[in-house]
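This report refers to the structure that appears directly beneath it.
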Amino acid sequence: MVSHAWCRALCAGLYPGAPRRLQGWGSAAFSFRSSTKAVGLLDADVYGPSIPKMMNLKGNPELSPKNLMRPLKNYGIACMSMGFLVEETTPVVWRGLMVMSAIEKLLRQVDWGQLDYLVIDMPPGTGDVQLSISQNIPVTGAVIVSTPQDIALLDARKGAEMFRKVHVPVLGLIQNMSVFQCPKCKHETHIFGADGVRDLAKTLGLDVLGDIPLHVNIRETCDTGQPIVISQPQSDMAKAYLRITTEIVNRLPTPPA
């Protein structure tokens, strides 16, 4: 359970087509913490949890005296994931009801402590996970993440419409893997398209919160569990995460006094 009286829960819906993940959710979560706020990161992708690797965390959660799971922590971020509860190579082969039960446990049977923000990394789609979260806790806002390619944008639009139907405010869209710059000649290539997310945002009447480039350093720091905002804080990539975080925070309601 989240014991803080005012914890902003942020759902991040991912719709990036072929590449599934926003590159570096650890960086995104740490960007919230950099403003001296207490941050939790919930990996709600039951079938393909990736937060343990991205945050360089292994092991099983300990239990509190109240029999609640204690999140694992790294870089000052409290993390909970199905990846802490099953072996890394073990597939989770569950039907919808079991997935919904698992999500409820990750939300309700975890001693999150006092949080200012709970960032929820959700899998692609508009199914059981998304509905379970939106129906179980008050969600302050959702962020849609997509590459600019047409195939990904089809699902991204459905995601935004789904959140609207369950009365979760959509704070904006993030254009993931927006551009690739050749490390030798510096030529920029829009591998997945140039402005697809911006065009979709205009159609939906939403804002684009920022762009994350396709860069080898982001990939490498994700794979080694060293978020780029920590390992390379002065880099342009780290600054991109920080700018996006600022945009998100500016759109959140002010907590009650």
Side-chain angles (χ1 to χ4, degrees), residues 9-29 40-55 57 71-72 77 79-108 110 117-137 139-147 149 151-166 168 170-177 192 197 200 209 212 218-219 222-223 225 244 248:
L10 305 169
C11 289
L14 304 165
Y15 302 91
R20 291 185 58 242
R21 283 272 181 245
L22 171 68
Q23 311 160 88
W25 270 118
S27 287
L41 178 57
L42 172 59
D43 185 356
D45 193 341
V46 173
Y47 295 114
S50 59
I51 293 302
K53 185 171 184 62
M54 288 186 177
M55 293 295 285
L57 287 168
L72 276 65
I77 307 293
C79 302
M80 181 52 65
S81 170
M82 182 59 65
F84 300 144
L85 306 178
V86 298
E87 294 294 329
E88 185 176 10
T89 58
T90 301
V92 176
V93 187
W94 288 350
R95 295 187 183 274
L97 288 176
M98 295 180 69
V99 172
M100 293 169 70
S101 176
I103 292 297
E104 186 168 355
K105 288 180 180 179
L106 291 175
L107 288 170
R108 302 291 184 185
V110 175
Y117 301 106
L118 177 61
V119 181
I120 305 173
D121 172 20
M122 296 202 303
T126 57
D128 295 324
V129 170
Q130 289 79 2
L131 289 174
S132 294
I133 289 172
S134 61
Q135 292 171 355
N136 271 284
I137 61 172
V139 179
T140 307
V143 176
I144 304 295
V145 182
S146 178
T147 55
Q149 68 188 103
I151 293 297
L153 295 170
L154 291 173
D155 289 338
R157 180 166 189 167
K158 293 176 184 177
E161 297 292 357
M162 184 272 300
F163 280 120
R164 285 174 167 173
K165 283 190 175 182
V166 296
V168 172
V170 180
L171 304 178
L173 289 80
I174 296 173
Q175 186 158 260
N176 192 27
M177 303 183 184
F192 296 103
V197 171
L200 177 60
L209 303 173
I212 300 295
I218 298 178
R219 194 274 301 166
C222 286
D223 286 349
I244 288 171
I248 293 173

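Everything quoted here is computed from the prediction, not taken from an experiment.
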Kindly give the heavy-atom pair with the smallest separation between [X] and [Y], and that separation in Å.
X: Gln130; Y: Pro123; result: NE2-O, 2.8 Å
X: Pro52; Y: Gly83; result: CG-CA, 4.0 Å
X: Ser134; Y: Val168; result: CB-CG2, 4.2 Å
X: Phe163; Y: Met122; result: CZ-CE, 3.1 Å
X: Ala160; Y: Val170; result: O-CG2, 3.9 Å
X: Leu106; Y: Met82; result: CD1-N, 4.4 Å

Pairwise distance [atom1]([X]) to [atom2]([Y]) - rounded to 0.5 angstrom:
X: Leu154; Y: Leu200; atom1: CG; atom2: CG; value: 9.5 Å
X: Glu161; Y: Ile144; atom1: CD; atom2: CD1; value: 10.0 Å
X: Ser50; Y: Met55; atom1: OG; atom2: CE; value: 11.5 Å
X: Ile51; Y: Leu41; atom1: CD1; atom2: CG; value: 4.5 Å
X: Ile120; Y: Asp43; atom1: CD1; atom2: CG; value: 11.0 Å
X: Leu209; Y: Gln175; atom1: CG; atom2: CD; value: 11.5 Å

Show which side-chain atoms of residues 84-105 pair as donor or acceptor with protein atoms under 3.5 Å away, not counting sequence neighbours.
none

Should Ile212 and Ile244 be marked as a side-chain contact (heavy atoms from CB on, under 4.5 Å) after you check the CA-CA gap, both sets of side-chain angles, and the distance that decides it?
CA-CA 9 Å; Ile212 300 295; Ile244 288 171; 3.5 Å; yes
Does any non-hydrogen side-chain atom of Ser146 lie less than 4.5 Å from one of Leu173?
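A side-chain contact is absent here, since even the closest heavy-atom pair is not under 4.5 Å.
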Lys53 vs Cys222 side-chain heavy atoms within contact, under 4.5 Å:
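With C-beta onward as the side chain, the pair stays apart.
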